[in-house]
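Inspection log for the structure reproduced underneath, given as structure tokens.
A, B, ... follow the sequence lines: proteins, then strands. Residue 1 opens every chain. FYI, side chains are in, hydrogens and waters are out, and symmetry mates aren't considered; it's all heavy atoms of this structure.
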Number of protein chains: 2
Amino acid sequence: MATVSRALNKNGYVSEEARKKVETAIKDLKYYPNEVARSLFQKTSKMIGLLLPDISNPYFPLLMKGIEESARANGYSVILGNVEEGSDLGENYMTLFAQQNVAGVLSAVEGTLSHEHAMPIVMLDRVLEEDDFAVYTNDVKGGKLAAQAVMDRDPGNVLIIAGPKSVPGAIDRLIGILSVLNPTDVKYQIYETNSYTIEEAEETAKNIFMKYKRINSVIASNDLYALAVMKEAQQKGLHIPRDIQVIGYDDIPFSQLVYPGLTTISQPAFKLGYQAADLLVSRIRKNKVEEKRIKLDPKLILRDSLREKTESEEK
Amino acid sequence: MATVSRALNKNGYVSEEARKKVETAIKDLKYYPNEVARSLFQKTSKMIGLLLPDISNPYFPLLMKGIEESARANGYSVILGNVEEGSDLGENYMTLFAQQNVAGVLSAVEGTLSHEHAMPIVMLDRVLEEDDFAVYTNDVKGGKLAAQAVMDRDPGNVLIIAGPKSVPGAIDRLIGILSVLNPTDVKYQIYETNSYTIEEAEETAKNIFMKYKRINSVIASNDLYALAVMKEAQQKGLHIPRDIQVIGYDDIPFSQLVYPGLTTISQPAFKLGYQAADLLVSRIRKNKVEEKRIKLDPKLILRDSLREKTESEEK
DNA sequence: GAAACGTGTGTAACCGATTACACATATAAT
DNA sequence: ATTATATGTGTAATCGGTTACACACGTTTC
């Protein structure tokens, strides 16, 4: 019995003969160890908790896929936790994860506190406190990229649709955008939204066309909003990108399936998930981690929703 | 100790006084029971396994959300398992789930066999054997709905993009479509695809415009393909729906964000997930289940990618 | 030849809950 | 008064693994 355990875990002394016996017995009996019993004794498990603010957000599938692949490659499984934005379910889930002896937690939820239950946490694209581990995209740069792309293309009147300021990433993007626009004499306006839901995106698209008369460029807080604006514009008979150009953020898979193709800033969702899970596993294994923070660079994905680049930007 | 356990689980005799003491102690010590220890003894747990063929499919987020909500409402958490279509990871995951003492499994993967490990399984939108529990949509009806919508609107030459015949649902849809088209003298052609990936969707869209000259209506196997066709058509200068009308399948959230809005058949993904989790929990609790199979009806979602309805359909 | 060491195996304690069972007390029935 | 019944609590076994420890044996080392 102890010998079997030693054979399975390859620690301690086991004779070649005994190991063989164990191996054949395992095959014969189709034995597989009970992870629950293991977990009880070890006070940890082969599972990591995943806390997401709203799974139905189209940005998440790729993220999850990255997480799942990396976790599986390292021998871990993922417990799913979906939290409505704003609810305090996050706490409940953290307790639940603790009750399940999870080895660590990946979280994209604001209020996740790591101190109550002592589990390693890696934040996904949201950073709360200075000493947290996190994998995230450089949103300031993303904002700059988007703004610059617009600036290079005869911007006219610019409308910035900014995400909820409760979301740190949204703030950074805005900072990036403004850092490019402010030094110029481009006219811009900012419209702030409260969520990333499709419903609000549609509503916003309608509103902005009523509220602002002459808009020539839209920098949207994400692809959902960009898509909604494009649809509304086309419905109003405006030509994209001639009359109004729009740029999104995220590069969700659909952005390439609309007409005209949406130019956007690509967030490496899969990679982010993959690296976050890797980082978490390193922490769990107490490997020395090179960096507590991994910053990934967003990328401009040029499609057809922006006008042609203007050669000179002189006044 | 035993009394504490009885107080927590509300079975056996516990004096009012003792119960109070336990309650305050729990609060004072911030005690929460270890689910792993529970699970070890009970040989089951508060977790269900979820097996999906490809999380990045846009149809799944809503499905997962439904599952997660229902599971949570019943006190269960979800372990995620992502399986590449065609790989034999499904088996591995089933073993892994068994090792974790999961209470049951929800699966949307073909080869999931329920016999090796005795856990209740509920199939999601795929049915393998006659005696399985399953929640699925009536795809024959969905096919009929789509075909009828097209027939009502001056079909012209119809192109049917059919999903992989390895997917039972795809077959049913085709059956439904043909059951409507065959009795008429409408001209149609069938183009069969191999997957539900975006890449193949784009490729297919390009191919069909090369291969078939005059197509007036497209019945796509899902929204991805429909969107890809719409984009390609618009790129070629065709007007939707005047020159070519298209109908999708799934009603993924983006279908309402494109221009023109995609008319499609709505699969109640959220509801399906929710009910599947409910059914599974019932099985787990050994409640008497009214029906082993729950068939949900798809619905026609009219938007703007089909032409106006023709009044009379006389020849 | 005795002590030290390396190798291999088995026994028993442990992880944190649940629950069968024994036991104590109070109340009801005979 | 005696026996049954209801109520409450504590002890110990159990779930299925891991591992500290004791022990046995063979080989070096001095």
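Looking at heavy-atom distances under 4.0 Å, Gln42(A) makes contact with sugar-phosphate atoms alone, never a base.
Taking every side-chain heavy atom of Val14(B) into account, dT9(D) is the closest of dT9(D), dC14(C), dG16(C). The side chain of Ala2(B) approaches dT11(D) more closely than any other nucleotide in the set dT11(D), dG10(C), dG16(D). Minimum atom distance to the side chain of Pro33(A) is reached by dG17(D), of the listed dG17(D), dT9(C), dC21(C).
The two residues Leu280(A) and Val105(A) come nearest to each other via the heavy atoms CD2-N, 3.7 Å.
Closest-nucleotide positions on DNA chain D for Glu35(A) and Phe41(B) were compared, and the one nearer the 5' end corresponds to Phe41(B).
For Lys43(A), a side-chain nitrogen or oxygen approaches OP1 or OP2 of dG16(C) to under 4.0 Å. OP1 or OP2 of dG17(D) has not a single side-chain nitrogen or oxygen of Ser39(A) nearer than 4.0 Å. A sub-4.0 Å separation between OP1 or OP2 of dC25(D) and a side-chain N or O of Tyr13(A) is absent. Phosphate contact (OP1/OP2 of dT18(C), side-chain N/O of Ser5(B), threshold under 4.0 Å): present. Note on Thr3(B): a side-chain N or O is less than 4.0 Å away from OP1 or OP2 of dG10(D). For the OP1/OP2 pair of dA17(C) and a distance below 4.0 Å, the side-chain nitrogens and oxygens of Tyr32(B) include no atom meeting the criterion.
For Thr193(A) and Glu200(A), the side-chain atoms include no donor-acceptor pair closer than 3.5 Å. If you check the side chains of Asn101(B) and Ser45(B), you find no donor sitting under 3.5 Å from an acceptor.
Put simply, CG on Asn9(B) is 9 Å from C1' on dA17(C), counting in whole angstrom units. To the nearest angstrom, C1' of dA20(D) lies 12 Å from CG of Asn11(A). In this structure, Met1(A) places its CE atom 11 Å from C1' of dC15(D), rounding to the nearest Å. One atom, CD of Glu17(A), and another, C1' of dT9(C), lie 12 Å apart when rounded to the nearest Å. Summarising the geometry, the separation between CG on Leu40(A) and P on dT14(D) is reported as 17 Å, rounded to the nearest angstrom. With rounding to whole Å, Asn101(A) atom CG is found 15 Å from dC14(C) atom C1'. If you take CG of Asn34(A) and C1' of dC15(D), they are 9 Å apart, rounded to a whole angstrom. In this structure, the CD1 atom of Ile26(B) is 10 Å from the P atom of dA17(C), given to the nearest Å.
The base of dG10(C) sits within donor-acceptor range of the side chain of Arg6(A), with an N or O pair under 3.5 Å.
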### Query
Can you list the steps and then say if Leu124(B) with Leu50(B) is a side chain to side chain contact (heavy atoms under 4.5 Å, CB included)?
CA-CA 10 Å; Leu124(B) 294 165; Leu50(B) 172 60; 3.8 Å; yes

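Taking 4.5 Å as the limit, some side-chain heavy atom of Asn11(A) sits within range of a side-chain heavy atom of Arg6(A).
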